[in-house]
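Reviewing the structure listed below.
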Amino acid sequence: MSLRRRTRGRPSPEPPPAPAPAVYSGPPVFLVIDALGRKCPIPIILLAERIREVPVGEIVAVQADDVAARTDVPAWCRMKSQDFVREEPLPRGWAFHIRRTY
C-alpha cells in the first residue's frame, strides 16, 4: 500500500509573496559623486577631493560599478574617520553613502 497523495487536478500551492524592497529612510543625500565606469582608485580619489564640499554631518553618495569600491570605500572611511552609512544596490553598481564627520 502506497502512502503517496494524489496531486492530479489540484493546483500547486502559491509561493509566498516576495518581501517588499527595503526603503531607505535615512538622511537625504547632499552630494552625489558619479564614478560609474571608473576603475579603482578613481572613486576614492573623487570622494577625497569632493567631501570638503559637503557640510559636516551631511551625506555624500558615491556611485560606482567597480567591484573594488565595495571594499575600498568602507576602508577609506575607517582610515579617514568618516562614517560609512550604507551600500545601496543600483541597476548598475552601487551607491555608497558616507556621512562627513569633520
Side-chain angles (χ1 to χ4, degrees):
M1 177 184 234
S2 173
L3 296 177
R4 288 190 290 173
R5 290 185 175 178
R6 293 183 72 183
T7 58
R8 283 188 196 196
R10 265 192 223 169
S12 60
E14 293 283 327
V23 176
Y24 178 60
S25 62
V29 174
F30 185 87
L31 173 69
V32 175
I33 299 172
D34 183 359
L36 294 169
R38 312 290 292 275
K39 298 295 179 194
C40 176
I42 301 303
I44 296 299
I45 291 171
L46 293 173
L47 173 60
E49 288 175 351
R50 301 207 49 206
I51 197 163
R52 290 181 293 276
E53 299 173 25
V54 177
V56 172
E58 295 295 332
I59 303 291
V60 58
V62 178
Q63 296 177 340
D65 54 1
D66 181 8
V67 71
R70 295 186 81 188
T71 55
D72 290 351
V73 173
W76 182 89
C77 290
R78 286 189 302 274
M79 289 187 330
K80 298 297 183 178
S81 299
Q82 303 296 342
D83 289 339
F84 182 77
V85 177
R86 71 188 293 263
E87 174 186 306
E88 174 186 356
L90 300 175
R92 178 177 148 214
W94 307 270
F96 304 98
H97 294 224
I98 300 103
R99 178 178 290 110
R100 182 175 178 197
T101 59
Y102 63 89

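All heavy atoms count here, side chains included; hydrogens, waters and symmetry mates do not.
- One finds the CH2 atom of Trp94 at 5.0 Å from the CZ atom of Arg70 (value rounded to the nearest 0.5 Å).
- Scored by the side chain to side chain contact (heavy atoms under 4.5 Å, CB included) test, Pro91 finds no partners at all (sequence neighbours excluded).
- In this structure, Val56 shares a hydrophobic cluster with no other residue, the cluster being traced through Ile, Leu, Val, Met, Phe, Trp and Tyr side chains under 4.5 angstrom apart.
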Give the table of side-chain donor-acceptor pairs shorter than 3.5 Å for residues 38-52, with sequence neighbours excluded, one pair per line with atom names and distance.
from  : atom 1 : to    : atom 2 : distance (Å)
Arg50 : NE     : Glu53 : OE1    : 3.4
Arg50 : NE     : Glu53 : OE2    : 3.0
Arg50 : NH2    : Glu53 : OE1    : 3.0
Arg52 : NH1    : Ala48 : O      : 3.4

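- Taking each heavy atom of Thr71 and Pro74 in turn, the nearest pair found is O-CD, 3.5 Å.
- Applying the side-chain hydrogen bond (donor to acceptor under 3.5 Å, both in side chains) rule to pairs touching residues 72-82 yields Gln82-Thr101, sequence neighbours excluded.
- Scanning all heavy atoms of the two residues, the minimum distance from Glu87 to Pro89 falls at O-CD, 3.9 Å.
- At a threshold of 4.5 Å between non-hydrogen side-chain atoms, the residues Gln63 and Val32 count as touching.
- Placement of Val54 and Val29 in two distinct hydrophobic clusters is found when ILVMFWY residues are connected by side-chain heavy-atom separations under 4.5 Å, directly or transitively.
- With sequence neighbours left out, the side chain to side chain donor-acceptor pair (under 3.5 Å) criterion links Asp65 to Arg92.
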Quiz prompt | Verdict with reasoning, Ile98 to Asp83, per side-chain contact (heavy atoms from CB on, under 4.5 Å) | solution = CA-CA 6 Å; Ile98 300 103; Asp83 289 339; 5.9 Å; no
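- Contact annotation: the side chain of Pro27 approaches that of Arg99 to within less than 4.5 Å [non-hydrogen atoms, C-beta and beyond].
- For Arg100 (side chain) and Tyr102 (main-chain N/O), a donor-acceptor pair under 3.5 Å exists by modelled atom type.
- Between Phe30 atom CZ and Ile59 atom CD1 the span is 11.5 Å, to the nearest 0.5 Å.
- Residues forming a side chain to side chain donor-acceptor pair (under 3.5 Å) with Glu58 (at least two apart in sequence, or on another chain): none.
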